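The structure displayed is predicted, hence computed values, not measured ones. Proteins get letters first, then strands, A, B, ... in listed order; numbering begins at 1 in each.
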There are 2 protein chains.
Amino acid sequence: MTDVSATGGRTPSRAVEQALVDAAERVLVRDGLGGLTVRAVAAEAAVAPMGVYNRFGNKDGLVAAVLARGFEGLRVATAAADDADPVDRLLICGRNYRRFALDHPQHYGAMFGAGWAATVPTEELVDRADAAFQALVDRVGYAVDRGALRPGDPVETAQLIWSSVHGAVSLELAGLGRTADPAAGYEALLRMLLDGLR
Amino acid sequence: MTDVSATGGRTPSRAVEQALVDAAERVLVRDGLGGLTVRAVAAEAAVAPMGVYNRFGNKDGLVAAVLARGFEGLRVATAAADDADPVDRLLICGRNYRRFALDHPQHYGAMFGAGWAATVPTEELVDRADAAFQALVDRVGYAVDRGALRPGDPVETAQLIWSSVHGAVSLELAGLGRTADPAAGYEALLRMLLDGLR
DNA sequence: CATCAAAGTAGAACGATGTTCTACAAAGGT
DNA sequence: ACCTTTGTAGAACATCGTTCTACTTTGATG
């Protein structure tokens with residue numbers, strides 16, 4: 001994503017919002033959700049702290065914007081799985097999911113944990129979350145239509161898949177996994193899903 | 001659990017710790033993790049705020065004690081599944097897991113989300129978390145030994161099951177489920193697990 | 001029972017955080 | 001060029017986690 005660098009002095013009106021969200025993401029990645037404070041973000045963006053309130057209403061609004069970006073990233077990763085073979089497509093999709101989470105642990109943790117719990121979802125955030133899920137539903141529908149998964153509502157099947165991969169990734173990120181090789185464990189999970197949904 | 005009620009004046013030494021943990025649980029249930037502050041807990045327990053630091057080192061130590069109780073509750077719920085039939089045992093176990101989470105949403109959210117992320121796990125907490133997982137491993141082992149699940153390391157199989165049920169319950173509690181009937185969806189998840197692990 | 005150490009309490013204080021408000025200057029639009 | 005909008009700097013406030021001090025009460029031991 002294109003970063004709007006602060007140029008010193010006063011940030012142009014049209015650049016304040018993006019500067020703040022960019023900065024918030026950097027702070028989140030560097031210091032975690034606990035380090036994401038209004039002052040830290042403002043300093044990172046070389047913007048006045050009041051900018052957060054002027055543009056996002058409050059800190060929660062800023063966090064929601066960051067989470068929305070997270071879900072957009074997740075949607076892109078999910079939708080990138082476009083192999084012709086339906087089973088391959090689902091496997092790639094599942095691997096992309098984990099890859100995204102491992103590459104963006106702070107985003108992922110905030111999206112489904114404290115960040116989400118603390119925020120009142122904005123319309124943008126809900127739309128982005130819906131879109132990310134829809135990308136999975138699309139891939140499930142592709143597989144069901146081609147007989148790779150048993151007939152059924154793609155939304156419900158996608159929810160089952162989502163539950164499982166989300167659970168696996170969440171526990172892994174939290175350091176709560178109990179097996180020696182998380183990657184192998186995740187592959188076993190994907191196989192289990194395919195076996196259980198055929 | 002037996003609540004140690006404050007009797008006014010000065011709390012006896014031997015009762016301070018339990019009074020604080022009891023109070024912390026009440027505050028967690030009532031006001032969520034965000035409302036669990038040192039002062040709120042101390043007031044709830046009618047104990048001086050310094051008691052938190054004297055007995056638990058800091059606020060995180062107190063939170064860890066609360067999380068440990070959560071895992072103990074989860075272990076009890078898991079271990080309560082003791083039907084003779086291995087499949088029934090697993091199903092009951094799975095249903096107990098969800099029941100526990102739905103009955104104690106604030107505990108569950110803290111145990112696997114912000115509470116866990118913010119705390120340095122104490123030995124007690126790790127032991128309790130291990131014990132809860134072991135209860136699941138035991139049930140998986142029971143089913144594997146009787147041919148109800150395919151042969152394999154019970155720990156790895158338990159991890160797969162845990163990932164799925166944890167994911168399902170977490171998304172449900174976060175209001176991120178996308179299906180109309182979460183209970184039915186959860187039953188479908190359990191069936192999928194059995195199908196995928198036979 | 002007396003003595004002394006340990007520990008609970010009250011209170012103050014400090015830095016950090018989210019938020020609100022004010023006054024001024026610069027940007028943006030017409 | 002003029003006027004409105006908006007970014008900035010700074011102050012202030014309540015709350016929170018934490019540390020510290022002084023005093024009182026409890027708890028343990030002889």
**Q** I would like to know whether A:Asp127 and A:Arg75 meet salt bridge (charged side-chain N to carboxylate O under 4.0 Å, His left out); could you show each step before the answer?
**A** CA-CA 11 Å; A:Asp127 286 348; A:Arg75 183 197 65 76; over 6 Å; no
**Q** Taking atom C1' of C:dA27 as reference, at what distance in whole Å does atom CG of A:Asn54 sit?
**A** 14 Å
**Q** Please tell me which of the listed nucleotides, D:dG27, D:dA9, C:dT19, lies nearest to the side chain of A:Met50?
**A** D:dA9
**Q** Look at the side-chain N and O atoms of B:Ser13 and state whether any lies under 4.0 Å from the OP1 or OP2 oxygen of C:dG8.
**A** yes
**Q** What about A:Arg10: does its side chain form a donor-acceptor pair under 3.5 Å with the base of D:dT8?
**A** no
**Q** Give, ordered by number, those residues of residues 55-64 of chain B having at least one heavy-atom distance below 4.0 Å to an atom of DNA chain C; if nothing qualifies, reply none.
**A** B:Arg55
**Q** Would you say A:Thr11 places a side-chain N or O within less than 4.0 Å of OP1 or OP2 belonging to D:dT8?
**A** yes
**Q** Looking at C:dG18, D:dT8, D:dT18, which one has an atom nearest to any side-chain atom of B:Tyr53?
**A** D:dT18
**Q** Which is it for B:Arg178 and A:Glu156 under the salt bridge (charged side-chain N to carboxylate O under 4.0 Å, His left out) test, yes or no, and what are the steps along the way?
**A** CA-CA 8 Å; B:Arg178 304 304 167 115; A:Glu156 297 197 353; over 6 Å; no
**Q** Identify whether the distance between the nearest side-chain nitrogen and carboxylate oxygen of A:Arg128 and A:Glu124 falls below 4.0 Å.
**A** yes
**Q** For A:Val16 and B:Val38, find the nucleotide of DNA chain D closest to each by heavy atoms; which residue's nucleotide sits nearer the 5' end?
**A** A:Val16
**Q** Rounded to the nearest Å, what distance is computed from the CG atom of residue A:Leu20 to the P atom of nucleotide C:dG18?
**A** 13 Å
**Q** Where is the tightest heavy-atom contact between A:Val169 and A:Ala101, given as atom of each residue plus distance?
**A** CG1-CB, 3.2 Å
**Q** Is it the case that the ring center of B:Phe112 lies less than 6.0 angstrom away from the ring center of B:Phe71?
**A** yes
**Q** Indicate, yes or no, whether a donor-acceptor pair under 3.5 Å links the base of C:dG28 to the side chain of A:Arg14.
**A** no
**Q** Between A:Tyr142 and A:Arg146, is there a cation-pi geometry (under 6.0 Å to ring centre, at most 45° from the normal)?
**A** yes
**Q** Between P on D:dA9 and CZ on A:Arg39, what's the gap in Å once rounded to a whole number?
**A** 14 Å
